[in-house]
Each structure stands twice: as C-alpha cells, then as structure tokens.
Amino acid sequence: MGFNFSKNEFNQLLESLDQEYQIYAPVRKKKKDSFSANDLITYDLVKSLEEIELTAKSKYSAKEIVFPIRETLFHFVEGEQFMASDTDDKYIIFLRPCDRNAFKRLDKIFLENGPEEDIYYKRLREKVKFFVIECTTGFDSCFCVSMDSNTVESRDYSAFLRFEEDGVSCEVNDQDLAAEFEAQAKEIDFEPEFIRKNKIEVNLPDRDKLTNEVFEHQLWTEYSQRCIACGRCNTSCPTCSCFTVKDVLYDENKKSGERFRRWAGCHIDGFTEMAGGHNFREEYGDRMRYKTMHKIYDFGERFDFDMCVGCGRCDDVCPEYISFSKCINKLSTIIEEGV
Amino acid sequence: MSFNTKKIKKNAFRITKDREVTALRIRVPGGHIDAHYLSLIKEIADEHGDGTLHITTRQGFEVPGISFADFEEVNEKIAPILEGMEKEIGVEIVDPGDGYPAAGTRNVSACIGNRVCRYSNYDTTELAQEIEKNIFPNDYHVKIALSGCPNDCIKGHLQDFGILGMIEPIYHQERCIGCEACVDNCKKRVTSALSFEQERVVRDEQRCIGCGECILQCPTNAWERGGQFFKVVIMGRTGKKNPRLAKPFLKWASRDVVISIVNNVYDYIERHIDTSLAKEHIGYIVDRTGYPQFKEEILKGVELNSECEIADKINWNGYQTGEKI
Ligand code: HEM
Ligand code: SF4
Ligand code: SF4
Ligand code: SF4
Ligand code: SF4
Ligand code: SF4
C-alpha cells in the first residue's frame, strides 16, 4: 500500500508512532565528531522528520541498537546469577538498503550460525521494525551494487520511504502499522527505487581460484606498512559482529559483579591473544587479509551471500586512507593474473 | 628631511639602518589572510619598496625599502587592508587611509587551528580576531598568541599571553570497547592521565591537560567533546635581560574569562608602567609589582567559571643573560 504525506502529516505520524516505539534514525550532532567543529552523523532517537539526517552517511551504523557496543549478559551476587533484564521497548529504525541488508548478515551470525541462537541479540532483534530510506544516488565510497545489497525485498521492511522536497511518499508492508499510515495520509501508487550504479565498482574474486598462495602475497605486506590497527574499519562496519566477553567484580562489593560482552575487532591488538601472550596475527597486513577474507570469502562459503554490503564506511573512517574496495579489486586482479 | 620618528613608528613604519628608508609592517590578526590581499602587498613592494617581503615572526608582513617621502601614499594604498582585515573584524579605525593607528600592541598571532589541524580544539583565528578587536589599537607593548591545543605550535610560551585550547573529554563507558588506544596514547604522548581499571577508562582530572588526544584516538566516539576551555600561560619572553618561558596562570578558563583578563591588562599597565623607559614591556612591569598584585588587578571584575584554576604563585626563573655560561 502506498501513501503520500506532507511534512506536517509525516510528523504527526511520527508523533503517534512515538507513543509505542523508540524511533531511531541517522542524526547530525553538531560539533560532536572527534575533530573539533565537525558534526557527528550517527544513530539516535528522533521525534520529527527535521531531526533525520538524509544528506550524509552516518559514521556508525544502526547495528549498535540491536548489538550494543557493551551489553550486560548477566549479573552475579554471592554465587547466584541473574540474566540481564529485557526491555519492553519496541523499535523503529530508519536505514538505507545497505544497512538493512547488513542486518541480514547479523541475523545469520547471531541466529543461524551453530546450534544455539544468541538470545541477547534475538530478544532485541524481534522488537525492531525497519523503515528503509530510499537511496538512489549513494555516496562517493559506496559499492552496494557490486555487493548485491542495493535492493531490499518488500518482506524485509515495514515501510519504504522516499523523502521528497515537500513531503514523504512511501509503501507500508506491515499490518501493525497500516492503520496508522492510513489515518494520516492519502493513498497513492508507490514503487520503490534503488541505486543501479555506484561511482565505485568492485570485482569480487572468483572463489574457486582463491587459493592459500594468495595469503603470502605482498599485497598484504603493503598494508602492514600502512595500517595502524586503530580498528575504525571494524567499529564503523554494519556487519562486523565479533565481541569479547569479560567479567567485572564491583569495587564496592567483590562478591557481586557482571558478565558483559563488548565489540571486538580483528584489526585491534589483543583480538587473537591466547594463553602465554601468543598471537595469530601480529602483522597488520595479516589482519587486513583476515578481514578481507571474512568479508568476501569465508562468510559467503558458509551462508549464501557475502558479508560485506559495500556501505563504504570502512573507507570513510580509515585515518590512513586504506580503501577496502580498492583492496578487493587489487585482490581480484592478482587472482585473475595468477598469483 | 624632518619628521616625527615617534609618530612614524606608531604608524607601523620602522626607522631602519638606511637613512630616509623605512619599512612598513602589516598586521595579519589570527595569522590567516584572504589570498587576494597578497596582490596589494606585492604591488606596494614593487612600486614603493625594493620588491621583497619579509615574513615576520608574528605572522605579519614587512615591506622594506620604502622611501619616507612615499609614506602617506603608501598609507592610502593599504586602506583596503585596514578596512578588510581590521575594521571588518570590529577594530576601531577612524580613517583607513591614515595607515595603522598604533603599533605597540603586537599582531595577535595564532597557529592554523581547527580550520585545518586535527589536534586543534577551536578556531584560533576567530578568537585572535575577537581579541584584536578588543585591544587594538593600543600603544602598550603586549604580545599575545593563540594555539589550538597544548602542543602550542605558535609558541605561546614565549609571549606575554599564550592562550592554548583545551577541551573537556567526557567518557561514555557504554560506547567503550576497551581497546585502550586512548590510555596508551595519553601515557606515551601526554601526561598519563588515563588508566584502565575494572574494564573502564578512568581519567585523573588533576593530570589531564585537556588536549583532547583521547577523543581523537577513540574508534567508537566513546570520548565526547565536552566544554571548550583554555590554558593561559603568561609572561614568557626573549630579550636581552632575562629570557624565560611563560608559566601557567589559568587552567580550564572559559572563553569569556580569557577575553576579560586580556582586556584588563591595559589598565594594569597604565597604573604601573615606568614612563621614563622608552616602552616598558608588561613582563618587566609584572617583575616589579610581583605576581600577586598582577593577579589581583587582572582578575578584578572577572567572573571566573567554576572549573577555572588559578596559579597561587609563579616563579619564572629563566636565566640572567649576564651570567657566565
Ligand atoms: C599455549 C596454550 C594455549 C593455546 C595455544 C591456546 C589456543 C587457543 C585458541 C587458538 C583458542 C581459540 C581462540 C578463538 O576462537 O578465537 C583458544 C580459546 C580458548 N582457550 Fe586456549 N589455548 C591455550 C591454553 C589455554 C589454557 C591453559 C586455558 C584454560 C586454562 C585455555 C582456555 C581457553 C578458553 C576458555 C578458550 C575459549 C575462549 C573463547 O571462546 O573466547 N586455553 N585457545
Ligand atoms: S567491510 Fe566496509 S564496506 Fe563492507 S560492510 Fe563493512 S564497512 Fe561497509
Ligand atoms: S572477524 Fe573481523 S571482519 Fe570479521 S566480523 Fe569480526 S571484526 Fe569484523
Ligand atoms: S581503519 Fe584503516 S588504519 Fe584503522 S585498522 Fe582499519 S585499515 Fe587499519
Ligand atoms: S580509545 Fe575509546 S574504545 Fe578504546 S579504550 Fe579508550 S575510550 Fe575505550
Ligand atoms: S585530554 Fe589529553 S591529557 Fe586529558 S586524558 Fe585526554 S589525552 Fe590525556
């Protein structure tokens, strides 16, 4: 069902949805990025259309709403354990097609990888409705078309929205919400549109030709010189799902404490640390290789699509100007030409 | 040839080694200049000077080789500079065609600041211009320079007032991934103000100098840019008697406090300057009255922000140039 809203009507819709949902969208936080006077584009709660940032890509993705950066798993007191309490909140998340597709990757990892579902992820994920922001022009570093994540099927969203000069046109695909949309707007025909060509095109290497020899290629040693292991490519990525688990005993009472998990990233020191201080990947180039393989090879071998969705955030945030799309293309050329 | 050398000097022209040859000093408040002014400066250097320019330590230009006979004509030519670079930012200039109204208070210089530099905590040029507006024109000899962060690239530590940008870093544990990049960096490059305890970062507020490097290091924006503050170091100098580095006077001072204390300097000088000397520099006046007196007078009427720390005593040391090395 398609609808058209004036800006006012859309704000009324948001106001009524706000009664029942926590509405998250990309926002512009004035002068809050790391460098002084720069704006931080990131996810936060919104109440009106005007707060939603539609002209710039967010530095971090919506991942952190469903997979929090630091999440308490359980509390323990005097030998007893209590699972961290669940929330009653329900969420609506505004996001672009690549980021919606990123959640498909997270769903695989947290819900379908191995015999157990991740209950912490699941209980948040079940409370989310996606409002996809139509994206037909993308940004300079995007390569979602190459990663096949430029489109979204209608079953994967509650609403699909086109933001226009004087209002919002959209499609609703969710029985829970249809009535609210109908109450606020007039019905129209609506057909979602998707970007069909990015400025950057990526050629994925042929899986069958990817052999162990490429592990030793000097492509990776170059990244050892360039990467500083800051981990920004991991933390900004909507599909990185690694975490580590830690316990803390509270200062005030050492018999009580909590077990929590928090994001980890394969570029960051300590990621592969084992007993005795051994590390699998001391060299930063090896970490780049590992990440690359995970994003465009290993994951795809296990599930039916690649992990990377081509959002380009890792390119945008790298302080050393390392481009992941360029890396994939270099790898493909090497493999095509024979290692 | 007969003219009043004092008047000429006030007008930002120099009495040079060569008789009847002068040099014009052009101020660049905040050290940042619209490039088009360079064509005008070039024109003056070509037509009235010897075709060369000297770039001064205080970020101005000096145009050498100008004949004294030309000086009124040169003043008329630099009118657009006084108009655009002084009057525009609020400096009181009665007639831009009369040249610079004073030269005592030196150009307020600034490092490149956050228009370019990743470390800077604020727009140094903007604040330098605000200060220039408040204190210029003035005949008293005061040197002020602004740095974006405690790296102090403009060398505020060699000025009467060095104003260094600080930022309050606010930690959000819920965004921290415990990578300890901020902790390691503060240890290696700054003051070891951070430690990692109980799976969270702890900041020792006494050691923290508000440089903001932790904010820059963090891969998750777990450190938020909090309030904007300044460190003010005072009475550094070179000179033939007792060169010395400036010492901290205020830490975590607000922008308003910085502006007010600089404004108060001139009344203090007025009260204490030894007029028998050609132009006593403020540092020597402070040496004479002592720091407590200076502190009392300069803070008079200033509404200090609650975070602001003030030095109890200051001992500059430096060295006496006449001593055997
Ligand atoms: C030199 C001796 C050891 C080596 C080389 C080693 C190596 C490893 C490796 C490769 C992993 C998998 C890491 C991963 O999946 O990312 C692992 C996990 C683990 N090891 Fe060891 N290990 C050693 C000794 C020990 C010892 C002595 C203990 C216990 C006392 C231990 C307890 C564990 C546990 C609990 C895990 C699972 C951690 C997790 O899943 O996060 N290991 N070890
Ligand atoms: S690897 Fe880079 S381009 Fe791919 S999903 Fe992650 S951040 Fe986006
Ligand atoms: S292994 Fe690295 S690339 Fe893969 S999900 Fe984990 S952090 Fe991301
Ligand atoms: S963002 Fe760049 S420098 Fe930082 S870890 Fe990733 S590739 Fe290395
Ligand atoms: S750099 Fe950021 S994420 Fe890393 S320890 Fe410091 S605050 Fe935490
Ligand atoms: S602001 Fe500078 S001194 Fe203070 S904690 Fe951060 S890095 Fe350390």
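All values derive from a computational prediction rather than experimental measurement. Throughout, protein chains are lettered first and strands after them, A, B, ... in sequence-line order, and every chain is numbered starting at 1.
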| field | residues 167-175 of chain B: residues contacting chain A (heavy atom under 4.5 Å, by number) | value | Q173(B), E174(B), R175(B)

| said: Only pairs of heavy atoms separated by less than 4.5 Å count here; which of P319(A), S34(A), A229(A), C233(A) has the most with chain B? | reply: S34(A)

| field | Set of side chain to side chain donor-acceptor pair (under 3.5 Å) partners for K246(A), sequence neighbours left out | value | none

| field | Over 12 foreign heavy atoms within 6.0 Å of CZ, F82(A) | value | yes

| Nearest heavy atoms of C230(A) and P219(B), plus distance in Å | O-CB, 3.6 Å

| Per-residue contact mode, E71(A) against chain B (heavy atom under 4.5 angstrom) | neither

| message | Please output the residues of residues 183-198 of chain B in contact with chain A, using a heavy-atom cutoff of under 4.5 Å, in numerical order. | response | F196(B), Q198(B)

| task | Would you mind checking which part of K59(A) comes under 4.5 Å of any heavy atom in chain B, side chain (CB onward), backbone (N, CA, C, O), both or neither? | result | side chain

| remark: Here the gap from T220(B) atom OG1 to N234(A) atom CG, rounded to the nearest 0.5 Å, amounts to 12.0 Å

| Selection from L40(A), V317(A), D269(A), N38(A) maximising heavy-atom pairs under 4.5 Å formed with chain B | L40(A)

| Carboxylate-amine/guanidinium proximity below 4.0 Å for R262(A) and E199(B) | yes

| message | Please check if the number of heavy atoms outside E320(A) that lie under 6.0 Å from its CD is greater than 12. | response | yes

| Is it the backbone or the side chain of F243(A) that comes under 4.5 Å from a heavy atom of chain B, or both, or neither? | neither

| request: Would you name the heavy atoms of C179(B) and I268(A) that are closest together and state the gap between them? | output: CB-CG2, 3.9 Å

| said: Working to the nearest 0.5 angstrom, can you tell me the gap between S36(A) OG and Q228(B) CD? | reply: 7.5 Å

| query | Any luck finding a side-chain donor-acceptor pair between N221(B) and K32(A) under 3.5 Å? | reply | no

| note | Between F35(A) and R225(B), the two heavy atoms sitting closest are C-NE, 3.7 Å

| remark: Against chain A, residues from residues 109-119 of chain B with at least one heavy atom under 4.5 Å, in numeric order, are N114(B), R118(B)

